[in-house]
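Just so it is clear: chains get the letters A, B, ... in the order the sequence lines come, proteins before strands, and each one is counted from 1. Note that these values count all heavy atoms, side chains included, but never hydrogens, waters or copies made by symmetry.
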2 protein chains.
Amino acid sequence: MSVQPNYFEQFQHVDIDDLADAIGEVLENPITIEDADHKLIAYSSHGESTDPARWSTIMGRRVPEKVLTRLWKEGIFQRLLTEDRPVHIPAFDDVGLGKRVAIAIRKGEEVLGYIWAQEVNRPISTEDDEILRQAARAAVARLVQRQGKRKAEEQRRKDFFWELLLGNPASEAQIRRKAESLHMILPQPFQICIIDAPNGQLDRYFYPFIMREKLMSVSDGTQLILLMGKISPQPIDSEALHQSTEQFLRELLEKWEQRGDAGKLLAGYGQAYSSYQEMGRSYREALQVIKLKRLFEAETAQIYGYHDLGIYRYLLQLKRWSEADGYQNVRLQRLKRYDRDNQSNLLETLETYLDAAGKVNSTAQRLHIHINTLSYRLRRIEEIMQVDLDNQNQRTALYLDLKADKLGKEQ
Amino acid sequence: MSVQPNYFEQFQHVDIDDLADAIGEVLENPITIEDADHKLIAYSSHGESTDPARWSTIMGRRVPEKVLTRLWKEGIFQRLLTEDRPVHIPAFDDVGLGKRVAIAIRKGEEVLGYIWAQEVNRPISTEDDEILRQAARAAVARLVQRQGKRKAEEQRRKDFFWELLLGNPASEAQIRRKAESLHMILPQPFQICIIDAPNGQLDRYFYPFIMREKLMSVSDGTQLILLMGKISPQPIDSEALHQSTEQFLRELLEKWEQRGDAGKLLAGYGQAYSSYQEMGRSYREALQVIKLKRLFEAETAQIYGYHDLGIYRYLLQLKRWSEADGYQNVRLQRLKRYDRDNQSNLLETLETYLDAAGKVNSTAQRLHIHINTLSYRLRRIEEIMQVDLDNQNQRTALYLDLKADKLGKEQ
DNA sequence: CTTCCATTTGTGGATTTTCACAAATGACCT
DNA sequence: AGGTCATTTGTGAAAATCCACAAATGGAAG
């Protein structure tokens with residue numbers, strides 16, 4: 001059975017439930033229409049044959065959480081959000097989800113919602129794809145209308161988020177009230193995460209990830225700022241939050257690597273706080289991480305959290321102090337002079353050794369030299385610098401000055 | 001042969017050379033009179049029997065350097081400066097010094113010069129002591145006169161030194177001119193060393209040391225400030241200067257320990273500079289060392305030079321910065337909480353381990369625990385703090401935060 | 001009282017580090 | 001060419017570290 005083009009156009013100005021019924025009649029299967037947040041908008045009323053997933057969706061006026069997470073995990077939503085065509089979905093019996101076909105309702109790039117067609121009375125073939133496409137097109141107008149209000153509120157939410165990020169003259173109670181009035185559920189504890197992409201198109205690319213985590217987000221063009229936190233029944237502690245953020249970033253970066261299109265993706269997050277007055281602080285911390293990851297690319301490659309910055313949290317400041325009072329590490333300069341005079345590279349040896357936390361084996365491996373060569377060089381370094389590498393104080397100061405010195409060159 | 005009291009009084013207003021002759025006649029031996037700086041003032045003219053040391057002294061109008069250093073080393077001057085009686089000195093043939101007796105010429109506490117009586121024609125016994133005592137008393141007036149001019153200049157030198165220490169609006173050339181006009185030989189390179197004694201009597205105590213090194217010095221009551229440097233023909237480098245200062249302080253502190261009278265002696269020195277405009281800087285650095293030695297008594301016990309401060313150079317500022325920022329090392333706090341909750345002392349274990357530069361053996365010894373206990377504790381620490389002690393960055397940051405945290409408690 | 005659990009200490013073997021000594025290399029100087 | 005010197009690599013033995021497993025201890029909870 002085929003349908004002439006623009007068949008569903010007649011439903012444009014009718015109730016959206018009627019549109020669902022019309023699609024259902026054509027495809028001879030139960031239909032569900034949801035918005036972008038998976039809230040139920042409409043469903044076809046004919047026929048009782050349905051699966052637990054659809055049943056729960058209708059009863060709860062929203063797609064059940066476990067079904068959603070399953071679909072995210074299977075990559076279904078990723079496809080729906082990026083592909084224009086209907087997506088054919090196998091059954092996932094463990095979450096009560098029967099076989100079905102879905103298509104995103106989009107206006108331009110933006111996804112407004114989804115149409116779900118269950119395959120229960122008859123299979124839905126690729127020949128039906130065009131029908132779903134037309135149905136999606138017909139649904140746009142209604143969803144746009146609906147979206148209008150939500151968008152306005154969303155904009156106000158984002159403005160509020162920026163307010164929290166940039167300044168914080170408001171009291172904790174005021175913040176809570178305003179959040180409530182905007183239907184915004186603030187997680188506790190939370191942390192700010194920044195994703196910095198070289199090209200400007202980060203919004204579209206990361207949309208699936210953000211959707212999946214239902215994160216509050218704003219973007220200033222090059223940086224995407226996320227409010228990380230879990231709005232789960234049982235509250236999680238900061239440690240767990242850190243780990244979940246790490247996990248999130250790992251997946252995101254992995255995906256980015258797979259694309260491998262262009263440039264380096266930088267990401268960082270601030271510490272976890274429970275008071276919303278500290279959102280600005282977490283934001284500034286995340287910014288600091290991004291800044292330091294640019295300055296110490298190799299050293300901070302595995303670092304994303306402000307609390308994991310270690311000495312790099314201090315280095316800029318240390319460098320500034322040292323410059324302000326004209327301090328120079330004389331020993332370091334002696335070594336550098338020696339390197340210059342003898343075309344050697346003891347500085348690199350020293351740095352590698354310190355980076356390796358004094359493990360001679362791994363140092364030698366990294367430098368591709370014999371272990372005895374390393375030990376000889378270290379002895380020379382101790383002689384030239386008049387330093388005792390077994391003295392933790394001297395060693396630490398050396399490590400700091402060395403890294404700070406590197407910074408000078410790179411700036 | 002004995003002499004009536006005040007025998008030498010008649011020589012009070014006569015030429016000091018006549019006094020020397022008179023003493024020589026009474027003791028039947030060659031006499032030499034020197035000022036506090038060992039410059040020759042007078043000598044008896046009878047009899048040719050003398051030793052190379054006296055001969056050189058008369059010819060050079062000053063006691064030869066090698067004789068002086070030998071006498072300092074043997075502790076002769078130390079005795080002369082502290083004892084009121086004549087000191088009987090054995091022969092030191094290797095520097096051409098025959099057997100002799102010497103006495104300090106003093107006015108109150110201050111030593112103005114020395115009378116030397118060689119023992120060549122007849123031995124000088126303790127019975128002659130009174131003669132020398134009287135002779136010394138008779139010499140005072142002449143030396144005071146002589147000293148008058150020198151003291152005035154010395155005072156102007158000290159004023160100039162303070163000027164250099166505290167401010168430096170003058171140009172290098174101006175400084176040199178003024179130093180020259182005050183007959184002051186400025187060493188190059190130099191460094192400022194401060195000795196801080198709890199009681200006020202440091203001047204007298206350290207006088208021998210300062211005299212020996214011929215150092216420029218001023219005191220502000222509790223602190224003795226020294227200009228360290230060698231005015232040797234061939235210039236020495238900063239490295240050698242550091243070592244000589246270390247050596248100087250080691251000896252001085254050892255002497256102080258031996259006395260063991262009261263309180264702790266603090267000493268520190270700034271970096272070596274060649275430009276006199278930087279004298280203030282070296283002074284401030286030395287002050288900083290003293291300050292930090294008070295704050296980190298155990299940790300900086302072996303540190304005297306500013307260039308050896310290591311992380312302690314940063315720590316105060318770092319601490320202040322972190323506080324201003326409201327930063328807290330969450331991991332450290334977790335460990336402290338654990339210690340509180342379980343009456344354990346993992347923090348001490350961690351600190352000792354870090355101080356020992358990660359050597360398990362010496363850590364276990366210092367803590368008096370089995371090495372496996374240590375390894376177990378370290379594993380627990382890594383678990384509790386969620387830290388990787390093999391990661392140099394984390395480890396260093398931990399070390400810094402831990403020491404800074406300690407500071408907080410002590411202040 | 002027993003049981004549980006964190007902690008401490010002991011044992012033994014694999015691995016790594018440290019150190020001393022020797023030989024080879026190669027740059028630089030005479 | 002020969003010699004000097006810093007550097008690299010090799011060998012081997014002693015010392016230190018790491019790791020897994022087991023047993024003892026001792027306090028807290030049931």
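Note that the two end axes of the helix from C:dC1-D:dG30 to C:dT30-D:dA1 enclose an angle of 30°, each drawn from 5 base pairs, rounded to 10 degrees.
At whole-Å resolution of the value, CD in A:Q343 and P in D:dA6 are 15 Å apart. The CG atom of A:D341 sits 16 Å away from the C1' atom of D:dC5 (whole-angstrom rounding). A:Y338 places its OH atom 3 Å from the P atom of D:dT7, with the value rounded to the nearest Å. With rounding to whole Å, B:D390 atom CG is found 12 Å from D:dT17 atom C1'. Rounded to whole angstrom, the span from the CG atom of B:L389 across to the C1' atom of D:dC18 amounts to 14 Å.
Map B:H370 and B:S344 each onto its nearest nucleotide of DNA chain C; the residue landing nearer the 5' end is B:S344. Positionally, the nearest nucleotide of DNA chain C for B:N342 lies more toward the 5' end than for the other of B:K359 and B:N342. In terms of position on DNA chain D, the residue among A:I369 and B:N372 whose nearest nucleotide sits closer to the 5' end is A:I369.
When all heavy atoms are compared, the tightest approach of B:K293 to B:L266 is CB-CD2, 4.0 Å.
Two rings, from A:Y276 and A:F190, have their centers less than 6.0 Å apart.
Within 4.0 Å (heavy atoms only), A:N361 reaches sugar-phosphate atoms of the nucleic acid but no base atom.
From the 5' end on, the contacts that DNA chain C makes with chain A at under 4.0 Å to a non-hydrogen atom open and close at C:dT16 to C:dA20.
Residues B:Q333 and B:Q328 have side chains that bring a donor and an acceptor to within less than 3.5 angstrom of each other. No side-chain donor-acceptor contact under 3.5 Å links A:Y304 and A:R250. Donor-acceptor pairing under 3.5 Å is lacking for the side chains of B:Q247 and B:Q243.
Distances shorter than 4.0 Å separate none of the side-chain N or O atoms of A:R377 from OP1 or OP2 on D:dT7.
Relative ring orientation between B:H242 and B:H307 is described as parallel, the plane-to-plane angle staying below 30° on a 0-90° scale split at 30° and 60°.
A side-chain hydrogen bond (donor to acceptor under 3.5 Å, both in side chains) check over residues 361-373 of chain A, counting only residues at least two apart or in different chains, returns nothing.
Under a 4.0 Å N-O distance rule, the pair A:R70/A:D94 qualifies as a salt bridge.
Judged by distance alone, with hydrogens and angles left aside, the side-chain atoms of A:D339 form a donor-acceptor pair with the main-chain N or O of A:L346 at under 3.5 Å.
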